[in-house]
**Student:** 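Would you mind keeping the following structure in view while I ask a few things?
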Number of protein chains: 2
Amino acid sequence: MVRSLARGLEVLAAFDRDTPTLSLSELAARTGWNKGTAYRFASTLVELSYLEHDPATKRYRPGLKVLELGFTCLSSLGLADRTQPILEQLFRETGGPVHMAVLDGSDIVYVARRADRSLTQIQLYAGARLPAYCTSMGKVLLAHRPWDEVRAVMRGVRMQPHTPRTATTLARLGADLERIRHDGYGMTDQELELGVRSIAAPLRDATGGVVAAVNVSTLTARVSVDQLLSDLLPKLLGAAARMSAALGYAGKEVRAV
Amino acid sequence: MVRSLARGLEVLAAFDRDTPTLSLSELAARTGWNKGTAYRFASTLVELSYLEHDPATKRYRPGLKVLELGFTCLSSLGLADRTQPILEQLFRETGGPVHMAVLDGSDIVYVARRADRSLTQIQLYAGARLPAYCTSMGKVLLAHRPWDEVRAVMRGVRMQPHTPRTATTLARLGADLERIRHDGYGMTDQELELGVRSIAAPLRDATGGVVAAVNVSTLTARVSVDQLLSDLLPKLLGAAARMSAALGYAGKEVRAV
DNA sequence: CAACCCGGTTGGGCATGGCGCAACGACTCT
DNA sequence: AGAGTCGTTGCGCCATGCCCAACCGGGTTG
């Protein structure tokens with residue numbers, strides 16, 4: 001509708017970790033706009049401190065004010081604040097990297113984490129996205145959505161076999177989700193990355209609906225499936241219960257909206 | 001310049017931790033716009049997934065895509081990635097909450113942290129802002145800017161006495177900065193909040209300029225000034241040196257730009 | 001040393017985007 | 001049942017912001 005707004009945000013979104021800075025020409029090329037147009041938008045964003053301009057190198061980079069935006073968003077979710085201490089405790093109990101994420105369409109978005117250093121290849125941080133279908137938290141979150149909705153959002157997703165164990169068919173995914181609903185937790189065994197196994201549990205808020213998920217990741221070389229289920233799973237479920245309580249969940253399960 | 005862009009961002013910025021959701025009328029009131037105008041902008045942002053709209057409650061809240069924006073910005077700084085492990089180590093060595101921040105005008109902006117739970121009253125998180133003049137990291141960062149620039153940015157700041165010990169005059173601040181430059185570290189003793197004492201050290205990158213600061217906070221009730229300086233300060237300075245190295249600093253100090 | 005080229009910045013003129021206003025429909029509260 | 005509130009939509013006018021094109025400055029090349 002408001003085109004100029006869309007364009008402006010396109011500018012901010014043009015930066016990513018591969019292209020942390022852009023020159024004006026690069027920006028114009030990337031967006032497909034006229035140079036003058038790109039200049040106006042860049043200047044406006046600089047004026048508003050959402051973009052910074054280095055006069056020496058003539059390059060733009062996102063301003064710190066953008067960070068602020070992101071975090072007011074995080075805090076408006078109100079999830080991470082109250083659960084961080086429990087996440088911390090879970091990390092200490094398990095020693096593995098622990099994460100918390102919410103579902104957004106067919107992706108999961110990380111909202112909190114606690115880890116020494118990343119044992120996985122993929123660098124994760126709050127705001128990062130991963131496909132839901134091949135992650136433990138993603139499956140847990142999908143498992144608590146109506147199947148019709150799952151099918152609808154998965155329609156736009158190419159189920160890539162990241163590893164030989166990745167679920168690549170809707171049928172297989174459906175079976176996984178069914179099991180997760182029954183078990184109350186979900187596991188992905190090297191579906192995203194070989195050598196990494198994760199278990200995840202749902203988090204509920206005051207409404208009783210599942211609003212987020214928490215997980216623990218382990219290296220297959222160090223923790224067997226048996227150990228994972230006998231030792232770490234109870235700790236995960238305990239933490240999840242306390243986190244749900246912190247979010248106002250009173251104990252009455254309500255089937256997902 | 002591009003008014004519609006400014007307006008759109010105003011919408012996103014209208015949300016904060018006190019007002020995590022807004023109805024259309026509230027938004028219109030808060031921005032001072034016509035309802036129709038507010039509606040157009042809100043709809044556009046929803047369309048772009050930067051805003052979410054709950055049809056049941058008829059309220060808007062920032063979308064998860066905003067988080068993404070913020071974090072590409074963080075990673076484009078490239079500070080937190082490489083220094084996080086060292087920050088982690090410093091946390092374990094000192095036991096106190098440790099933070100990392102950069103300077104933005106007269107504010108400091110937190111870019112990384114490691115803490116069990118907040119011992120300070122004020123809830124901090126990446127993206128949060130605090131005034132530079134009454135924080136240890138802020139003073140360290142100001143100390144490495146030209147005095148003219150400091151005076152210029154401080155012109156717009158009311159130096160509020162948050163506690164009886166807060167520096168409230170430019171002269172006092174100047175003296176503090178002078179001492180910090182000489183000592184190579186900075187301390188604030190209960191200047192922002194009674195009962196909390198912090199020390200901070202500058203971080204340099206490959207260019208030799210000071211680009212960020214790292215600090216350790218302690219409770220006055222538990223750690224004396226002597227202990228802080230004899231025990232924690234060497235650990236802080238050691239971590240700062242390693243963090244600077246991780247950022248590419250080769251050891252040659254260059255006076256701030 | 002001059003000619004050129006490329007990236008950034010600025011001006012003008014036209015079209016359309018977007019703003020204010022006002023009416024409308026749905027819902028709630030009294 | 002009426003009145004008030006809130007969200008949504010249509011209309012018409014105005015100015016915003018887009019395209020194009022010229023201009024400028026710096027670096028490079030013949």
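So you know, we letter chains A, B, ... as the sequences are listed, proteins then strands, and number each from 1.
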**Student:** For A:Y60 and for A:V2, locate the closest nucleotide of DNA chain C by heavy-atom distance; then report the residue assigned to the nucleotide nearer the 5' terminus.
**Tutor:**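 Its nearest nucleotide being more 5', the pick is A:Y60.
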**Student:** Starting the side chain at C-beta, find the nucleotide from D:dG7, C:dC19, C:dG12 nearest to B:K35.
**Tutor:**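 My answer, after comparing the listed nucleotides, is D:dG7.
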**Student:** For a quick test of reading the model: is some side-chain N or O of A:T37 closer than 4.0 Å to OP1 or OP2 of D:dG17?
**Tutor:** no
**Student:** Among the candidates D:dT8, D:dC6, D:dC19, find the nucleotide nearest to the side-chain atoms of B:H53.
**Tutor:** D:dT8
**Student:** What I want to find out is whether B:R61 reaches B:D54 closely enough, with some N-O distance under 4.0 Å, to be called a salt bridge.
**Tutor:**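 Between B:D54 and B:R61 there is no salt bridge, as every charged N stays at least 4.0 Å from the carboxylate O atoms.
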**Student:** Where the side chain of B:S23 is concerned, which of D:dG7, D:dG10, C:dG8 is the nearest nucleotide?
**Tutor:**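 Selected nucleotide: D:dG7.
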**Student:** Should B:S43 be listed as having a side-chain N or O under 4.0 Å from OP1 or OP2 of D:dT8?
**Tutor:**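 No.
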**Student:** Roughly, in whole Å, what's the span from OH in B:Y39 to P in C:dG20?
**Tutor:**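 One finds 17 Å between P of C:dG20 and OH of B:Y39, rounded.
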**Student:** I want to verify a distance call: between C:dC19, D:dC19, C:dG7, whose nearest atom is closest to the A:S25 side chain?
**Tutor:** C:dG7
**Student:** Would a distance-only check, ignoring hydrogens and angles, find a side-chain to backbone donor-acceptor pair under 3.5 Å from B:Y50 to B:L64?
**Tutor:**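 The answer is no, because no donor-acceptor pair under 3.5 Å joins these two groups.
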**Student:** If the plane angle is over 60° it's perpendicular, under 30° parallel, otherwise tilted; pick one for A:W33 and A:F41.
**Tutor:**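 The rings of A:W33 and A:F41 sit tilted, inter-plane angle from 30° to 60°.
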**Student:** Ignoring hydrogens and angles, tell me if any N or O in the side chain of A:S244 forms a donor-acceptor pair with the backbone of A:Y249 under 3.5 Å.
**Tutor:** no
**Student:** Can you tell me the distance, in whole Å, between the CZ atom of B:F41 and the P atom of D:dT16?
**Tutor:**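 Value for this atom pair: 13 Å.
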**Student:** For A:L24 and for A:R3, locate the closest nucleotide of DNA chain C by heavy-atom distance; then report the residue assigned to the nucleotide nearer the 5' terminus.
**Tutor:**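 Its nearest nucleotide being more 5', the pick is A:L24.
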**Student:** Is there a side-chain hydrogen bond (donor to acceptor under 3.5 Å, both in side chains) between B:R59 and B:T21 once you walk through the steps?
**Tutor:** CA-CA 6 Å; B:R59 310 202 111 242; B:T21 72; 2.4 Å; yes
**Student:** Starting from P on C:dA22, measure out to CH2 on B:W33 and report it in whole angstrom.
**Tutor:**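 So the two atoms are 21 Å apart, to the nearest Å.
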**Student:** Below 3.5 Å, does any donor atom in the side chain of A:R59 face an acceptor in the base of C:dG8, or the other way round?
**Tutor:**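 Not at all, since no donor on one side and acceptor on the other fall under 3.5 Å apart.
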**Student:** What is the distance, to the nearest angstrom, from the CG atom on B:L22 to the P atom on D:dG7?
**Tutor:** 11 Å
**Student:** Could you state the atom-to-atom distance from CG of B:L5 to C1' of C:dC19 in whole Å?
**Tutor:** 17 Å
**Student:** Rounded to the Å, how far apart are B:L27 CG and D:dT8 C1'?
**Tutor:**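 Atom-to-atom, B:L27 to D:dT8, this comes out as 15 Å.
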**Student:** Distance check needed: C:dA22 P versus B:N34 CG, whole Å only.
**Tutor:**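 Going from B:N34 (CG) to C:dA22 (P), I get 10 Å.
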**Student:** Check this one for me: any side-chain N or O of A:S4 less than 4.0 Å away from OP1 or OP2 of D:dT16?
**Tutor:**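 Negative; the distance criterion is not met.
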**Student:** Measure from NZ on A:K58 to P on D:dG26 and round the result to the nearest Å.
**Tutor:**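 So the two atoms are 8 Å apart, to the nearest Å.
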**Student:** Base of D:dG10, side chain of B:R40 - is there a donor-acceptor contact under 3.5 Å?
**Tutor:**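 Answer is yes: a donor-acceptor pair is held.
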